[in-house]
Amino acid sequence: MTTLKRLAQPRWILGIGILIVLAVNLFPFYWMVLTSVKPGTELFSNPPRFFTTAPDFGAYGRLLESTGFLTFAKNSLIISTGATLLSIAVSAMAAYGLTRFRFPGSRAFTTAILYAYTFAPIVVVVPLYGLFRDMGLINTYAGMILAYASFGVPFSMWLLRPFFNAIPKELEEAAFLDGANRVKSAWYVILPQATPGIIAVSVFTFLLAWEDYLFARVLITDTNMKTLPVALHDLQNASLQDWPLLMAAAALVSLPVLLAFLYLQKYLIAGWGAGAIK
């Protein structure tokens, strides 16, 4: 009995530790949502109130009706989705090629691609602006998609290499014997096997574009082309005293990320775990 108590005690300690970590990390999100629905009389109450009995959702109505939030959300969604699709298409083909076709300097090339990701965005944003200005890509979806894909491809390719490398080549050889060519074998045999990794990389690329402020601020000057991070920053400058409005905007910006994580978490765990092991 004493032995069982000794074995159970560390589990209780671990459980309490996990609850404390969750509380510390989730409390800012809870306070953000709570502030967005607090009535004005409770915003600066002393002591602060951690609950409200009279939630007021008027801030969400004001946000959707008077700030152009839906337009900015549409811009962010188009740009983030486009950058994700382009990044996955390029990085998947590159990772497949590097694992199936050997050539002199392939390892050095792969390492150099990863080093390209280590450059801070602030280093390249100015020359990128000059290049896009000359090409007429300022204030365009295409320009923003290319900008985010340029940062998403190197890291995505590096993460996808272990997945393609771990897929047995015998599967492709069997497809070749059945009459499939290289394209069909890659599409119908290899890509389904690498689905967890592709989903994990897709989430990474989507978040990179969804949350970025620097590129959107520099490469977008048209108000109607703003993305959510830029719009949220401008809203803060214009509405310093309207905290429910700001917190409502922050909550809606965070909502798609939260829903995507909850829906795709099993793929993310499988993807990151497999990539780390292999």
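A salt bridge does not link Asp212 with Arg217: every distance from a Lys NZ or Arg NE/NH1/NH2 to an Asp or Glu carboxylate oxygen is 4.0 Å or more. Between Lys226 and Asp234, at least one side-chain N (NZ, or NE/NH1/NH2) sits under 4.0 Å from a carboxylate O, which counts as a salt bridge.
Ring geometry, Phe57 versus Tyr60: the interplanar angle falls from 30° to 60°, so the pair is classed tilted.
Under the 4.5 Å side-chain heavy-atom criterion for Ile, Leu, Val, Met, Phe, Trp and Tyr, Phe27 and Leu246 are members of distinct hydrophobic clusters. Grouping the Ile, Leu, Val, Met, Phe, Trp and Tyr side chains by contacts below 4.5 angstrom, directly or via other members, places Leu255 apart from Leu34. Hydrophobic clustering, with ILVMFWY side chains joined whenever heavy atoms are under 4.5 angstrom apart, keeps Met157 apart from Met93. The hydrophobic cluster containing Val230 does not contain Leu64, counting ILVMFWY residues as joined when their side-chain heavy atoms lie under 4.5 angstrom apart, directly or transitively. Grouping the Ile, Leu, Val, Met, Phe, Trp and Tyr side chains by contacts below 4.5 angstrom, directly or via other members, places Phe151 with Val90.
Between Val21 and Val24 there is no side-chain heavy-atom pair separated by less than 4.5 Å. Residues Ser185 and Ile190 have side chains not in contact (no heavy-atom distance under 4.5 Å, counting atoms from C-beta outward). At least one side-chain heavy atom of Val189 sits under 4.5 Å from a side-chain heavy atom of Leu171. In this structure, the side chains of Leu128 and Phe215 come closer than 4.5 Å at one or more pairs of heavy atoms. The side-chain heavy atoms of Leu131 and Met135, taken from C-beta on, include a pair separated by under 4.5 Å. Residues Phe155 and Thr205 have side chains not in contact (no heavy-atom distance under 4.5 Å, counting atoms from C-beta outward). Looking at heavy atoms from C-beta onward, Val218 lies out of side-chain contact with Tyr213 at the 4.5 angstrom threshold. Taking the side chain as every heavy atom from C-beta outward, Pro39 and Pro55 never approach each other to under 4.5 Å.
With hydrogens and angles ignored, the 3.5 Å screen pairs no side-chain donor or acceptor of Trp210 with any backbone N or O of Leu228. The main-chain N or O of Gly58 is found under 3.5 Å from a side-chain atom of Asp56 such that the two form a donor-acceptor pair.
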Which is it for Tyr129 and Ile138 under the side chain to side chain contact (heavy atoms under 4.5 Å, CB included) test, yes or no, and what are the steps along the way? CA-CA 8 Å; Tyr129 174 83; Ile138 300 297; 3.6 Å; yes
Going through the distances and angles, do Val201 and Ile198 end up as a side chain to side chain contact (heavy atoms under 4.5 Å, CB included)? CA-CA 5 Å; Val201 169; Ile198 292 175; 5.9 Å; no
Are Ile220 and Met144 close enough, and set up right, to give a side chain to side chain contact (heavy atoms under 4.5 Å, CB included), and what steps lead you there? CA-CA 8 Å; Ile220 293 177; Met144 295 301 299; 3.8 Å; yes
Which is it for Ile167 and Arg100 under the side chain to side chain contact (heavy atoms under 4.5 Å, CB included) test, yes or no, and what are the steps along the way? CA-CA 10 Å; Ile167 299 173; Arg100 291 301 186 267; 3.9 Å; yes
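Aromatic rings from Phe50 and Tyr30 are positioned such that their centres are separated by 6.0 Å or more.
Counting heavy atoms of neighbouring residues, nucleotides and ligands inside a 6.0 Å radius, atom CZ of Phe101 exceeds 12 of them. Dense packing is recorded around CZ of Phe176, with more than 12 heavy atoms of other residues, nucleotides or ligands lying under 6.0 Å away. Other residues, nucleotides and ligands place more than 12 heavy atoms under 6.0 Å from the CH2 atom of Trp31. Within 6.0 Å of CG in Leu26 there are more than 12 heavy atoms belonging to other residues, nucleotides or ligands. Heavy-atom contacts from other residues, nucleotides or ligands closer than 6.0 Å to OH of Tyr141 number more than 12.
To the nearest 0.5 Å, atoms CH2 (Trp187) and CG (Asn181) are separated by 13.5 Å. Atom CG of Leu86 and atom CG of Leu146 lie 6.5 Å apart (nearest 0.5 Å). To the nearest 0.5 Å, atom CG of residue Leu98 and atom CG of residue Leu160 are 11.0 Å apart. Atom CD of Glu211 sits about 9.0 Å away from atom OG of Ser80, to the nearest 0.5 Å. Of the inter-residue distances, the one linking Ser76 atom OG with Leu232 atom CG reads 10.5 Å to the nearest 0.5 angstrom.
Looking at Tyr96 and Arg182, their side chains do bring a donor and an acceptor atom within 3.5 Å of each other. Neither side chain, Ser87 nor Tyr148, offers a donor N or O lying under 3.5 Å from an acceptor on the other.
With respect to Asn139, the side chain to side chain donor-acceptor pair (under 3.5 Å) criterion is satisfied by exactly one of Asp222, Thr223, Thr221: Thr221.
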